[in-house]
Each structure stands twice: as structure tokens, then as C-alpha cells.
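Reminder, nothing fancy here: chain letters follow the sequence lines and each chain counts from 1.
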Amino acid sequence: MRTYKDEIAELLAPHTGLSTQEIVQAITLPQHIGHGDFAFPCFPLAKKLRKAPPAIAAELAGLIATNASIVKVEPLNGYLNFFIDPADFARRTLGAIAEQGAAYGSTTRGQGKTVVLDYSSPNMGKELAFHHLRGTMIGNSLGKLYARAGYKVVRINHLGDWGTSYGKLIVMFLREGLRESDLAAMTIERLNALYTTFANAAKDDPSLEDQAREAFQRLESGDARYRGLWQAFKDITLRELQRIYAFLDVEFDSYIGEAYFLDHMPKTMDLLAGKDLVKASQGAEIVDLAQHNLPPVMLRKTDGATLYITRDIAAAIYRKETYGFDKCLYVVDNGQSLHFQQLNKVLELAGFAWHKQVEHVPFGLVLIKSEDGGWEKGKTRSGQSSLLKDVIEGAREKILGIIREKNPEAAGKEGLAMQIGVGALVFSELKNRRLNDIRFEWDKALSFEGDSGPYVQNAHVRLCSILRKSAEKAGRPGPDRPAQAGTAGIEFAKLPEPQAQALIRALSLFPDKVGTALEANDPCPMAQYALEIAEGAHSFIHNCRVLGSAEEKERLFLIDCARIALGQTLDLIGVPPIEEM
RNA sequence: GCACCCGUAGCUCAGUGGAUAGAGCAGCGGUUUUCUAAACCGUUGGUCCCAGGUUCGAAUCCUGGCGGGUGCACCA
């Protein structure tokens with residue numbers, strides 16, 4: 001589709017000696033309303049033309065012929081500012097939204113390409129902690145953003161389901177006198193508790209650690225009974241995970257965990273040995289990366305067992321073979337950046353040119369208060385963290401109280417409270433750049449004032465409410481959806497108010513924002529954009545009465561387009577676009 | 001010692017090569033007989049950590065410091 005930038009570039013190209021592509025790249029948005037709709041900075045031309053930028057801008061302004069869309073060209077401070085006819089801008093922006101509907105902002109940049117996303121990936125037998133929310137929701141949002149750009153998306157939950165920990169679980173399970181017949185009544189809470197019990201018991205009886213290692217060895221060697229217990233523990237974990245993911249509306253295409261790659265270990269080790277990468281060191285087998293200024297990678301322990309990174313190497317190869325990905329992104333906290341540097345280097349040294357497609361998408365740590373009052377990385381292992389389900393429940397409780405107070409008539413308060421609570425938590429995770437560290441405090445996590453999930457949801461609710469009232473007033477069933485009927489009969493010149501214009505401008509940015517978020521592999525720009533639309537919508541609704549006004553038809557059309565764009569934005573970041581609150 | 005990340009208003013943060021650096025919270029002052037006030041409008045508040053460099057132009061890129069967080073072989 002031809003954009004205003006394209007049109008401006010065509011007007012400028014003959015006079016600047018630049019290609020239309022270069023000009024489109026250079027065009028920016030003026031910082032101040034009133035300066036125009038688009039700006040072309042003349043500074044880079046100064047050297048070539050040997051003239052001062054303001055003089056170039058003034059000269060170009062005289063050479064550009066305006067037309068029905070581009071109605072004014074004005075030089076200012078070395079910029080050439082372009083003014084678009086407001087009615088034309090509205091027709092084009094709202095027309096695109098009405099036409100594309102839920103697909104607004106879709107592109108074909110990823111057509112025929114596949115992206116594999118690895119995110120959430122908790123450990124089996126443990127409950128999800130609050131800090132798991134961040135990676136889970138960043139990955140969820142990136143999946144939706146890539147899908148909108150035309151990519152085929154494969155969402156993988158790389159469950160941590162292998163390692164000595166599961167030896168501990170089995171040891172404790174049997175030590176507590178539990179048997180297979182007790183598995184049906186087993187819950188994630190009880191599994192989680194077994195870890196804690198183990199840690200405490202091991203302090204008094206160090207031999208337990210050996211027992212755990214031995215149990216894990218039996219597990220690895222395929223002991224039928226132990227494998228049965230392991231599988232049961234995994235099933236219990238998956239049931240609980242899916243219960244929480246359902247609250248968050250998060251889904252995965254694959255729950256293949258680490259254990260799956262056990263069978264791949266011999267051939268992976270052979271492959272690396274074949275490349276002459278494997279070296280014996282202190283009884284273990286390693287890849288020496290000293291030449292690359294990285295610490296060595298341990299592939300196999302003294303006892304012969306493989307490690308996390310060995311299985312990750314196998315998993316990367318498996319993913320390339322299975323999905324033929326063009327990108328493979330690991331949404332994992334920044335604490336593991338060294339691990340991913342090592343993984344990437346080993347893949348490179350093993351001769352896989354596609355190692356460049358493998359990328360760590362790190363996010364900042366969620367820090368919790370330590371006993372001495374400082375801040376430290378939250379650890380599920382030591383049990384020092386708040387459970388995600390408890391935080392969600394806390395948010396839901398709090399919101400429920402607010403709904404009872406503000407909207408006692410609302411139907412389905414319980415469900416709404418959940419959607420608002422989840423929206424608030426998710427929004428606060430995504431509204432900041434992903435690499436920032438976050439300090440978890442109950443009060444702050446449950447504080448939803450200002451630029452928050454409820455603020456953006458409330459804007460969506462108000463838009464929906466007007467469309468609902470419009471239908472009621474006319475005696476039509478259901479909420480009105482005027483955008484579905486197309487632009488016929490809409491007089492776009494009837495939206496001249498600054499609030500309407502500001503909202504339309506905000507709506508026009510949607511496709512660019514999706515691109516920005518994708519380039520950064522960060523949902524943050526999309527969350528910030530939700531605030532922009534919400535602010536525009538709140539302001540328009542506050543200042544321009546819709547129902548009963550002389551411009552009712554046009555204003556309803558704008559309201560519906562704003563509803564579509566905001567609803568899509570919320571969906572892309574994983575905040576429920578609710579219609580009532 | 002090495003590596004990754006962060007440093008912008010009193011606090012929490014946007015802005016990541018363009019014009020006079022923006023929000024929310026906190027503070028101060030307003031707005032509702034009318035479509036959800038979980039809203040809107042005004043106002044106070046800045047050495048963009050420091051020093052060099054690149055550039056027509058730097059909060060943004062590079063180098064070096066300072067401060068903070070995290071990680072660095074038998075866990076995942």
C-alpha cells in the first residue's frame with residue numbers, strides 16, 4: 001500500500017538526488033503538533049549541495065507541488081515539514097483499519113519463514129513463581145507479533161525435566177512412604193514440598209545427596225519403576241502449568257523437555273568429537289573455548305552424566321532439523337547470557353552456519369528482598385519467592401473489591417476481576433524495556449494506578465460501551481460495529497477536533513509500532529503504544545460527545561476503529577481486551 | 001580477574017542518531033444533571049552518572065572511568 005511517506009519521497013526525489021527509499025528512511029514525525037504531519041531533515045544534504053540546511057529547506061519548499069493529500073509544505077529549522085489534509089488522513093487511516101479489521105498491521109515480511117520461540121520453560125515438580133511471568137509473557141507477545149508479520153511461529157516450552165533434582169524427588173517420595181497408589185492424589189504443592197523436605201533432611205543426613213544421585217542414575221539407565229514415577233511427576237506438573245497458562249491465555253505448540261534429548265546424547269557427543277572439539281579435563285569432557293575468551297563448556301561430568309548445555313546443543317540441532325527455522329529465539333533471563341554465548345560458539349565451531357539464527361533474547365532479573373534487606377535474584381529452588389498463582393489471586397481479590405465498589409451492576413464480576421488482575425500484572429511486566437531489572441514488592445506489584453493495565457483496559461471498555469449504547473438507543477441487537485460496513489457515507493471532514501486528530505494520528509502508527517517491537521524483540525514499544533491509543537481515546541471521549549451529536553456517524557466510526565486498534569494492541573501484548581469493568 | 005545488563009525529574013520509567021528531553025506516581029490547582037471519573041485539564045520539578053571521541057547534529061554510537069545488578073566445571 002502506498003503511504004504518505006512514499007508520496008512525499010516521490011515528490012522530493014527529483015529535487016534531492018536521493019532515491020525514494022533513502023527519503024522514506026529519512027522522513028520522521030515532527031515532535032510538535034503544529035509543525036506538520038511528516039518532516040524531512042535537510043541536514044544530510046548540506047554538504048552535498050554546499051548550502052545551509054534552512055536554505056535547502058526553503059528552496060525545496062518552493063519546488064514541491066502540493067496536491068489534494070499533501071496540502072502544505074513548510075520549511076522550519078532546517079526541516080521540510082509536510083501537512084496532510086486532515087480529512088484525507090482520516091479517510092486513509094480509518095479506512096485501512098475498517099478494511100483490515102482484526103488483521104490491522106499485518107505484514108508479509110516473514111512470509112515463508114519460521115521462527116522458533118523458547119520461553120517460560122520452568123522446572124518440573126515446582127510451582128510457577130512470580131518471576132516466571134515475565135519471560136512467559138514476553139515470549140507470548142513475541143509469538144503474536146511474529147505471527148502478525150507473517151512468520152510461522154513454533155512455541156516451545158523447554159521443560160526442565162531432567163537432572164539430579166528428580167533423583168531427589170524420587171528419594172523423598174519413597175522415603176515418606178508414598179507409593180504408586182498415592183500418585184492419583186498427588187498435587188504440585190506436595191511435589192514442591194518434597195524438595196523442601198529433602199533440603200532440610202539432607203542437612204542432617206548428607207548420604208541423601210548420594211542416594212539422590214544414585215536414584216537419578218537409575219532413572220537415566222531406564223529403571224522402569226523410576227521412569228514411571230518420573231512420568232507421573234511430569235504429568236502432575238503439566239496439569240498445573242496448563243491451569244495457570246489458561247489464566248494467562250498462553251499456549252505452546254510443544255512441551256518437549258530436556259529428557260527428550262537423552263537419546264540424542266550419543267550422536268551429539270559423536271558429532272562434537274568428530275569436529276575435534278571434545279577434550280578430557282579432570283575426568284570430565286569439555287569443549288575448551290579459551291581461544292574465544294569464554295570459559296570451558298562441560299559436556300559430561302566425571303560420573304558420565306551429560307549436562308544442561310549438552311542437551312541444549314542437541315535441542316538446537318533437533319529444532320533446526322525439525323522446523324527448519326529462520327530464527328530460533330531463547331527468551332531466558334539475562335543471568336544466562338554466558339550459557340547462550342557458549343551454546344552459540346559451540347554451534348559455530350561445530351560448523352553450523354545457522355548458529356547466527358540462534359539468538360538469546362534476555363530479560364532483566366526479577367529481584368526479591370533478601371533476609372539482610374538487600375535485593376537478590378529470586379530462586380524457586382530455595383523456595384524464596386512468591387508463587388505466581390498467589391500473586392494472581394491477590395490481584396484478583398483486590399480488583400474484585402474495586403469492581404464491587406465502582407460497578408456493582410456488572411455481571412460476571414469474578415471473571416472480570418481475573419481478566420483485569422491478569423491484565424494489570426502482565427502490563428506492568430511489559431511496559432518497560434525487557435532488560436531492566438525488576439524489584440518485586442507485593443504492594444508495587446498490586447498497585448495499578450496511572451499508566452497501567454486497568455488504564456488501557458478502561459479505554460477499551462469505554463469505546464465498547466459507546467458502541468453498545470449506540471445500538472441500544474436505536475433498538476438494534478448487540479453492539480454497533482460501524483467499521484464493518486465500510487467507509488461509504490462517512491464524511492471524514494467532520495472529525496476536525498484536536499482530540500479526534502490526535503487519536504487518528506495515534507491509530508495510524510500501529511503498523512510501525514509492530515515493526516519497532518519486532519526489530520527490538522521486545523513487546524515494550526507495543527505496550528507503550530497501548531498507552532498512546534488509550535490516552536487518545538480517553539481524551540476524545542471526554543471532549544467530544546458521540547451519541548446525539550451532529551457528527552454521530554463519523555464519531556462512531558472513529559470509536560469503532562479505535563476499539564479495533566486498541567483491542568488488537570492489547571491482544572498482542574497479552575492483556576485481555578475486556579468490554580466491561 | 002573475565003563476561004552480560006542497567007544508570008534520564010523526589011520515586012518508577014518512556015525516549016536509542018534529529019527540532020524546545022516526555023509520561024505516571026508524589027505535590028499544588030481545577031473539571032461530572034450527559035456515552036464507565038479506573039477519566040479529563042492545568043501546574044511545580046532535569047549536570048540525561050563523569051570524561052574524551054565520531055558526526056552537520058549525541059540522552060542515543062565508540063573508547064575510558066565511576067556506581068549498581070547478575071553470572072563464570074561436575075545444578076538447570
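As rounded to the nearest Å, B:rG68 and B:rU8 have C1' atoms that lie 16 Å from one another. Nucleotides B:rU54 and B:rC62, compared at atom P, are 15 Å apart to the nearest Å. Straight-line distance between the P atoms of B:rC4 and B:rC13: roughly 23 Å, to the nearest whole Å. Taking atom C1' in both B:rG22 and B:rU16, one finds a spacing of 14 Å when rounded to whole Å. Here, B:rG17 and B:rC61 have their C1' atoms 8 Å apart, quoted to the whole Å. Comparing B:rC28 with B:rC48, their C1' atoms sit 26 Å apart, to the nearest whole Å. Across B:rA14 and B:rC75, the matching P atoms stand 37 Å from one another, rounded to whole Å. One C1' atom belongs to B:rU20, the other to B:rG15, and the distance between them is 15 Å to the nearest Å.
Between the side chains of A:H339 and A:D312, a donor-acceptor pair is found at a separation under 3.5 Å. Using a 3.5 Å distance cut-off with no hydrogens or angles, the side chains of A:H538 and A:R462 do pair a donor with an acceptor. Side-chain atoms of A:E220 and A:Y166 include no donor-acceptor pair closer than 3.5 Å.
As judged by a 4.0 angstrom heavy-atom cut-off over every strand, A:A39 is placed among the base-contacting residues. Note on A:R311: only backbone sugar-phosphate atoms sit closer than 4.0 angstrom, heavy atoms only; bases stay farther off. Residue-level contact check: A:P525 touches neither bases nor backbone, having no heavy atom under 4.0 Å from any strand. The residue A:I541 sits close to a base: some heavy atom pair falls under 4.0 Å. The residue A:Q341 sits close only to the backbone: its heavy atoms come under 4.0 Å of sugar-phosphate atoms, none of a base. Heavy atoms of A:L463 sit nowhere under 4.0 angstrom from any nucleic acid atom. Nucleic acid contact for A:P295: sugar-phosphate only, since backbone atoms but no base atoms lie under 4.0 Å from a heavy atom of the residue. Looking at heavy-atom distances under 4.0 Å, A:C544 makes contact with a base. Nucleic acid contact for A:G163: sugar-phosphate only, since backbone atoms but no base atoms lie under 4.0 Å from a heavy atom of the residue.
Checking B:rU54 for Watson-Crick or G-U wobble geometry (two distances, each under 3.5 Å) identifies no partner in any strand. B:rC72: Watson-Crick or G-U partner is B:rG1, with both key distances under 3.5 Å. The partner of B:rC48 is absent, by the rule that a Watson-Crick or G-U pair needs both atom distances under 3.5 Å. Under the Watson-Crick or G-U wobble criterion, with both distances below 3.5 Å, B:rC11 is paired with B:rG24. B:rC40: Watson-Crick or G-U partner is B:rG30, with both key distances under 3.5 Å.
The separation between A:E209 atom CD and B:rC75 atom C1' is 11 Å, rounded to whole Å. Distance A:I286 CD1 to B:rA73 P: 12 Å, rounded to the nearest Å. In this structure, A:L531 atom CG and B:rG15 atom C1' are separated by 14 Å, rounded to whole Å. One atom, NZ of A:K47, and another, P of B:rC56, lie 4 Å apart when rounded to the nearest Å. For the pair A:I309 CD1 and B:rA73 C1', the interatomic distance rounds to 11 Å; values are reported in whole Å. Atom NZ in A:K345 sits roughly 14 Å away from atom C1' in B:rA3 (whole-Å rounding). The interatomic distance linking A:H542 (NE2) with B:rU32 (C1') rounds to 8 Å, in whole Å. The CD atom of A:Q336 sits 10 Å away from the P atom of B:rC72 (whole-angstrom rounding).
Closest to the A:H35 side chain, of the nucleotides B:rC13, B:rU20, B:rC72, is B:rU20. Here the nucleotide nearest the side chain of A:R545, chosen from B:rA39, B:rA38, B:rC35, is B:rC35. With B:rG15, B:rC75, B:rC40 as the choices, the nucleotide that has an atom nearest any side-chain atom of A:H538 turns out to be B:rC40. For A:K301, counting side-chain heavy atoms from C-beta on, the closest listed nucleotide (B:rC75, B:rA38, B:rC2) is B:rC75. Here the side chain of A:H32 is nearest to one of B:rC2, B:rG22, B:rC35, namely B:rG22. Side-chain atoms of A:L547 lie closest to B:rC35 of the nucleotides B:rC5, B:rC11, B:rC35. Comparing B:rC72, B:rC75, B:rC56 by their nearest atom to the side chain of A:P44 picks out B:rC56. Side-chain proximity of A:L435 to the nucleotides B:rC6, B:rA26, B:rC56 is greatest for B:rC6. Taking only side-chain atoms of A:K406, from C-beta outward, the nucleotide of B:rA19, B:rA26, B:rA38 with the closest atom is B:rA38. Taking only side-chain atoms of A:N432, from C-beta outward, the nucleotide of B:rA38, B:rU70, B:rC13 with the closest atom is B:rC13.
Side-chain N/O atoms of A:R433 include none lying less than 4.0 angstrom from OP1 or OP2 on B:rC5. Phosphate proximity of B:rC41 to A:S539: present, with a side-chain N or O under 4.0 Å from OP1 or OP2. Here A:Q31 reaches the OP1 or OP2 of B:rA19: one of its side-chain N or O atoms lies under 4.0 Å away. For A:N436, a side-chain nitrogen or oxygen approaches OP1 or OP2 of B:rA14 to under 4.0 Å. At the phosphate of B:rC40, OP1 or OP2 sits under 4.0 Å from a side-chain N or O atom of A:Y455.
A donor and an acceptor atom sit less than 3.5 Å apart, one in the side chain of A:N81 and one in the base of B:rA19. Contact annotation: side chain of A:S281 to base of B:rA73, donor-acceptor pair present below 3.5 Å. No N or O donor and acceptor, one from the side chain of A:S165 and one from the base of B:rC75, sit under 3.5 Å apart.
More than 12 heavy atoms of other shown residues, nucleotides or ligands fall within 6.0 angstrom of atom CD in A:E472.
Looking at A:Y529, its side chain does come within 3.5 Å of a backbone N or O of A:F510 through a donor-acceptor pair.
Both A:A534 and A:L294 lie close to RNA chain B; mapped to their nearest nucleotides by heavy-atom distance, the more 5′-ward contact belongs to A:L294. Between A:M298 and A:N407, it is A:N407 whose nearest contact on RNA chain B lies nearer the 5' terminus.
Salt-bridge check for A:E285 with A:K301: failed, with every basic side-chain N at 4.0 Å or more from each acidic carboxylate O. With respect to A:E552 and A:K473, a salt bridge is recorded, a charged nitrogen being found less than 4.0 Å from a carboxylate O.
Contact annotation: the side chain of A:I8 never approaches that of A:L80 to less than 4.5 Å [non-hydrogen atoms, C-beta and beyond]. No side-chain heavy atom of A:E214 sits less than 4.5 Å from a side-chain heavy atom of A:D210.
Between A:F440 and A:W442, the ring-plane angle classifies as perpendicular under the 30° and 60° cut-offs.
Against the 90° criterion about 0, the sugar-base torsion of B:rA51 places it in the anti range.
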